[in-house]
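Below: one structure, written as structure tokens.
Heavy-atom basis, side chains included; hydrogens, waters and symmetry copies ignored. Labels below follow one simple rule: chain letters A, B, ... track the order of the sequence lines, proteins then strands, and each chain is numbered from 1.
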Amino acid sequence: MKHVVKILSLLLAVSAFWITLLQAAIVPQSHTWLLPIYFVVSLGCYGLLMVGIGIMQFPTCPQESVLLNHDIAEAKDFLSTNGIDIGSVTVLFNTKA
Amino acid sequence: MAEEKEKNKYSIIIPTYNERLNIALIVYLIFKHLRDVDFEIIVVDDGSPDGTQEIVKQLQDLYGEDRILLRARAKKLGLGTAYIHGLKHATGDFVVIMDADLSHHPKYLPSFIKKQLETNASIVTGTRYVKGGGVHGWNLMRKLTSRGANVLAHTLLWPGVSDLTGSFRLYKKSVLEDVICSCVSKGYVFQMEMIVRATRKGYHIEEVPITFVDRVFGTSKLGGSEIVEYLKGLVYLLLTT
């Protein structure tokens with residue numbers, strides 16, 4: 001089954017449940033009418049929360065550019081002693097933290 | 001486990017365009033980190049004007065033509081077709097795809113191989129977004145767009161992986177052949193399409209942490225047009241996978 005079909009069926013099921021709630025009037029109708037809005041707002045807040053948490057916990061690796069520069073120096077050394085001419089182009093990597 | 005490792009051959013496909021310096025560095029690093037592994041490097045160069053192919057030929061003299069294969073094309077023809085082209089010449093049981101610009105460091109290759117042997121996964125993909133992985137060289141804005149894009153993609157697509165746009169991956173050869181046939185997107189949406197289609201087809205996918213050093217000195221700019229392309233790609237994937 002295509003993914004979009006799965007999502008649409010989920011939405012359909014939730015809508016059916018919502019309409020049933022409206023008909024059955026167990027919860028006051030005025031509240032039930034607002035449920036979709038609550039749902040969308042909650043989803044938006046959840047998304048923003050996940051983005052915020054993700055940024056705070058974003059893994060960084062400043063030491064990697066230092067290590068990489070070492071590797072590049074080692075590689076250039078090896079290559080020049082073995083006759084591979086790669087010219088004098090220097091590769092700049094961001095070593096700022 | 002050691003015996004299995006010796007019997008497996010790994011084909012590393014590296015598409016290049018104007019990577020004269022980087023291709024030599026990356027070949028050296030691959031040989032350094034894969035000492036006891038049977039592998040071949042397939043360089044798919046799209047007619048680089050900077051002499052990339054000459055450097056590759058010199059590397060072939062140094063390391064052997066059976067270890068480094070140059071399978072060039074006349075001009076820039078795109079990433080997806082570069083992989084397909086490389087695949088035709090791959091003789092390994094497994095295929096690794098990686099970038100030539102050193103944002104993907106060969107030192108992680110052993111961990112990809114180990115993970116695959118441990119779990120018998122069909123695909124092992126590198127992820128920058130978990131503990132042990134990471135990115136260097138991104139400012140706050142870039143991290144924000146990356147994280148926002150990731151959350152959006154996860155909400156819409158429910159993929160099986162944490163890093164959708166990453167392109168440092170190890171595939172079983174038959175799996176790559178199967179997945180790549182059904183992918184039509186370009187650029188990084190192509191990488192997303194590959195992993196999402198693989199998830200939909202039920203392939204066993206594992207992840208290993210990798211570090212990613214952005215090769216551009218300064219900030220990596222993401223313009224409005226790229227964001228639009230990304231959103232279009234997401235909708236396309238939502239509707240067709």
Select, from A:E74, A:Q63, A:Q57, A:M50, the one with the greatest count of heavy-atom pairs under 4.5 Å involving chain B. A:E74
What part of B:V135 gets within 4.5 angstrom of chain A, counting heavy atoms only: side chain, backbone, both, or neither? both
Which atoms of B:K131 approach chain A - backbone, side chain, both or neither, heavy atom under 4.5 Å: neither
Using non-hydrogen atoms and a 4.5 Å limit, figure out which bit of B:Y63 sits close to chain A: side chain, backbone, both or neither. side chain
State, with a plain yes or no, whether a side-chain heavy atom of A:S80 is found less than 4.5 Å away from one of A:I84. no
Note, B:T16 side chain near B:D46 side chain (heavy atom, < 4.5 Å): no
Shorter than 4.5 Å, heavy atoms on both sides: which option in B:D61, B:L157, B:L140 has the most such pairs with chain A? B:L157
Name the region of B:L62, side chain, backbone, both or neither, that has any atom closer than 4.5 Å to a heavy atom of chain A. side chain
Donor + acceptor pair across side chains of B:Q53, B:S48 (<3.5 Å): no
Among A:I72, A:V66, A:L67, whose side chain to side chain contact (heavy atoms under 4.5 Å, CB included) with A:N69 holds? A:I72
B:L156, part contacting chain A, at a heavy-atom distance under 4.5 Å: backbone
Please state whether the side chain, the backbone, both or neither of B:L29 comes within less than 4.5 Å of a heavy atom of chain A. side chain
Does the structure place the NZ or CZ of B:R67 under 6.0 Å from the centre of the six-membered ring of B:F31, at an angle of no more than 45° from the ring's axis? no
Which atoms of A:I55 come close to chain B, meaning under 4.5 Å heavy atom to heavy atom: side chain ones, backbone ones, both, or neither? both
Atom group of B:V27 that falls short of 4.5 Å from chain A, counting heavy atoms: neither
No-hydrogen, no-angle side-chain donor-acceptor test under 3.5 Å, B:E193 and B:S185: yes
How about B:F112 and B:Y10: are their ring centres within less than 6.0 Å of each other? no
